[in-house]
Q: 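Okay, handing you the structure first.
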Amino acid sequence: MFLKTIDFSKYSSIKVGTPVEVLMIEKNDLPPKDRYLIGAANNLLVSPTPPALMMLSKDFAFIEEEKDYLIIGAAMPTGRIISYAKKYNIAGFEFCAKLPGTLGGMIAMNAGVKTYEIFNILHSVKIDGHWIRAEEIEHGYRFAKLNGLATEAKFKIKKGFDSQLLEELINLRSNQPQDPSAGSAFKNPQGDYAGRLIEAVGLKGVKKGGMAWSEVHSNFLVNLGGGTFEDAKYLIELAKKKVLARFNIILQEEIKIL
Ligand SMILES: Cc1cc2nc3c(=O)[nH]c(=O)nc-3n(C[C@H](O)[C@H](O)[C@H](O)COP(=O)(O)OP(=O)(O)OC[C@H]3O[C@@H](n4cnc5c(N)ncnc54)[C@H](O)[C@@H]3O)c2cc1C
C-alpha cells in the first residue's frame, strides 16, 4: 500500500474536486475497512472534504484466460476490455463501448446501456477475497450490493464479437454532451426519464457558476469550466426540489457524492 495524491479536478470525469491523498492497494495487501474505494471516478462528485479514499493499483488491471473463462482484474479500464474482446473475438462486452470506467466500477454500479448491463454477462466476482456467483449478489438498475471490495471477476467465454452492435451502441452515444460530466446525474424513476423531468421544470441549460444542466441532455450535469462542488451540489438540490414540488417524484442520484 502507498499514498498517492490525486487531483480530482483533473482525474474525475466531471473535473470537480481538489488534490486528495488516496491509498493505493497492491496485490497482496489487506485493504482497510474504513476507506471508500473508488475506481476511475466517472460516476463520482468529490467534495473538498471526502471520506478517506482508496483505489486498486495497476496490479488489478489484467485479463487472463482460464479454460472457458475470462478473468478480469477490477482496475481494468473498460476500453481495454473492449479491445481485448474484439481482438480475440469474444462476445458480450460490446455495450461497454463509451461507458467510461473500470470493471470494478461497472460491477458496483451494474453499469449498462439499454437492456445490456454487466450482470447479464457476469459469472462471479471475487469480493474481499471470496468468489461469489453473480446470481447470489443482490442487484438491479444501476446498483449492486457488493458489500465489499471487488478485485476480479469471471466471465464465461462466448465467441463472436459483434462489430455491428458495437457500431450501433457507439452511434447511440453520439448525441451525448461532450462537456465533462459524470454521466447521468439521476437514475430514471420508474416509467419516466430524469432528463424529461429536469427539462419540464425548466432547468435545461440552467447554470450555476461553471456547472450547468446540459443543453444536450438535461440529466447530464456538465462542467463548462471551473465548476465547483458547491455549484454542482446547488444544481442537484435545485432539480430535486423542483421535481418533487411539481411531480411529487423524489429523484435519486446515480452519481455518488463523496
Ligand atoms: C460521459 C459518461 C457517460 C456515461 N454513460 C453511462 C451509461 O450509459 N451507463 C452507465 O451505467 N453508466 C454511465 N456512466 C457512468 C460510469 O461510466 C459508470 O458508472 C462506470 O461503471 C464507473 O466506473 P468507475 O471505475 O469510474 O467507478 P467510480 O465512479 O470510481 O465509482 C463508482 C462506484 O463504484 C464503486 N467501485 C469502484 N470500484 C469498485 C470495486 N473494485 N469494488 C467495489 N466497488 C467499486 C465505488 O465505490 C463507487 O460507489 C457514464 C459516465 C460518463 C462520464
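Atoms considered below: every heavy atom in the structure, side chains included; atoms not considered: hydrogens, waters and symmetry mates. For ligands, and for the atoms within them, numbers begin at 1 and follow the listed sequence. Since the structure is predicted, the reported quantities are computational estimates derived from the model, not experimental observations.
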Q: Give me the residue, atom name and distance of the protein heavy atom closest to atom 3 (C) of ligand 1.
A: Q176 OE1, 3.8 Å

Q: Taking atom CD1 of I121 and atom SG of C96, what is their separation to the nearest 0.5 Å?
A: 5.5 Å

Q: Just to be sure I'm reading this right: ignoring hydrogens, which of P100, G183, A111, A108 gets closest to atom 16 (C) of ligand 1? Compare them by their nearest heavy atoms.
A: P100

Q: What residue and atom, counting heavy atoms only, is the protein's closest point to atom 42 (N) of ligand 1, and at what distance?
A: A150 N, 2.9 Å

Q: Would the F93 and Y84 ring centres measure less than 6.0 Å apart?
A: no

Q: Considering heavy atoms of the protein only, find what lies nearest to atom 47 (O) of ligand 1 and give residue, atom and distance to 0.1 Å.
A: L37 O, 2.6 Å

Q: Could you list which atoms of ligand 1 come closer than 4.0 Å to a heavy atom of G101?
A: 23 (O), 24 (P), 25 (O), 26 (O)

Q: More than 12 foreign heavy atoms under 6.0 Å from NZ of K86: is that the case here?
A: no

Q: With a cut-off of 4.0 Å, which atoms of ligand 1 are near a heavy atom of N43?
A: 15 (C), 19 (O), 29 (O)

Q: Measuring from atom 13 (C) of ligand 1, which candidate in T102, I118, L99 has the nearest non-hydrogen atom?
A: L99

Q: Could you identify the single nearest non-hydrogen protein atom to atom 10 (C) of ligand 1 and state the distance to 0.1 Å?
A: G112 O, 3.5 Å

Q: With a 4.0 Å heavy-atom cut-off (strictly under), which part of M106 contacts ligand 1: side chain, backbone, both or neither?
A: both

Q: Of the options K240, K233, R142, which is the one that meets E253 in a salt bridge (Lys or Arg N to Asp or Glu O under 4.0 Å)?
A: K240

Q: What atoms of ligand 1 come closer than 4.0 angstrom to any heavy atom of L146?
A: 43 (C)

Q: Going by the order shown, which atoms of ligand 1 are within less than 4.0 Å of some heavy atom of S13?
A: 53 (C)

Q: For a quick test of your reading: what N or O donor-acceptor pairs under 3.5 Å do the side chains of residues 39-47 make, sequence neighbours left out?
A:
residue, atom, partner, partner atom, Å
N42, ND2, A40, O, 3.4
N43, ND2, E254, O, 3.3
S47, OG, T49, N, 3.1
S47, OG, T49, O, 3.4
S47, OG, L258, O, 2.8

Q: Mark up the atoms of ligand 1 that fall under 4.0 Å of a heavy atom belonging to L56, in ascending order.
A: 41 (N)

Q: Heavy-atom contact under 4.0 Å between Y36 and ligand 1?
A: yes

Q: Under 4.0 Å from ligand 1, counting heavy atoms only, is it the side chain of E117, its backbone, both or neither?
A: neither

Q: According to salt bridge (Lys or Arg N to Asp or Glu O under 4.0 Å), does anything in residues 207-221 pair up with another residue at least two apart or in another chain? List the pairs.
A: K208-D231

Q: Scan V22, N28, D29 and name whichever one has a side chain to side chain contact (heavy atoms under 4.5 Å, CB included) with I25.
A: D29

Q: Based purely on interatomic distance, does K256 place a nitrogen or oxygen under 3.5 Å from a nitrogen or oxygen of ligand 1?
A: no

Q: Anything under 30° is parallel, anything over 60° is perpendicular, the rest tilted; go ahead and classify F186 against W213.
A: parallel

Q: Report the nearest protein non-hydrogen atom to atom 30 (O) of ligand 1: residue, atom name, distance rounded to 0.1 Å.
A: G39 N, 2.7 Å

Q: For atom 27 (O) of ligand 1, what's the nearest protein heavy atom and its distance?
A: G105 CA, 3.6 Å

Q: Applying a 4.0 Å heavy-atom criterion (strictly less than), which segment of N110 is in contact with ligand 1: side chain, backbone, both, or neither?
A: neither

Q: Against ligand 1, does S12 come closer than 4.0 Å with any heavy atom?
A: no

Q: What distance separates Y141 OH from M109 CE, expressed to the nearest 0.5 Å?
A: 9.5 Å

Q: Just how far is it from atom CD of E138 to atom CG of N147, taken to the nearest 0.5 Å?
A: 8.5 Å

Q: Report the nearest protein non-hydrogen atom to atom 5 (N) of ligand 1: residue, atom name, distance rounded to 0.1 Å.
A: R173 NH1, 3.2 Å

Q: Would you compute the distance between atom CZ of F155 and atom CD1 of I118 and round it to the nearest 0.5 angstrom?
A: 4.0 Å

Q: Check each of I170, L172, I82 against K98 using the side chain to side chain contact (heavy atoms under 4.5 Å, CB included) test, and report the only one that passes.
A: I170

Q: Is K27 close enough and on-axis enough to F60, meaning under 6.0 Å and within 45°, for cation-pi?
A: no

Q: Quick one: look up the protein heavy atom nearest atom 1 (C) of ligand 1 and list residue, atom name and how far away it is.
A: S181 OG, 3.9 Å

Q: Have a look at A74, G148, A182 and point out the one with the heavy atom closest to atom 43 (C) of ligand 1.
A: G148

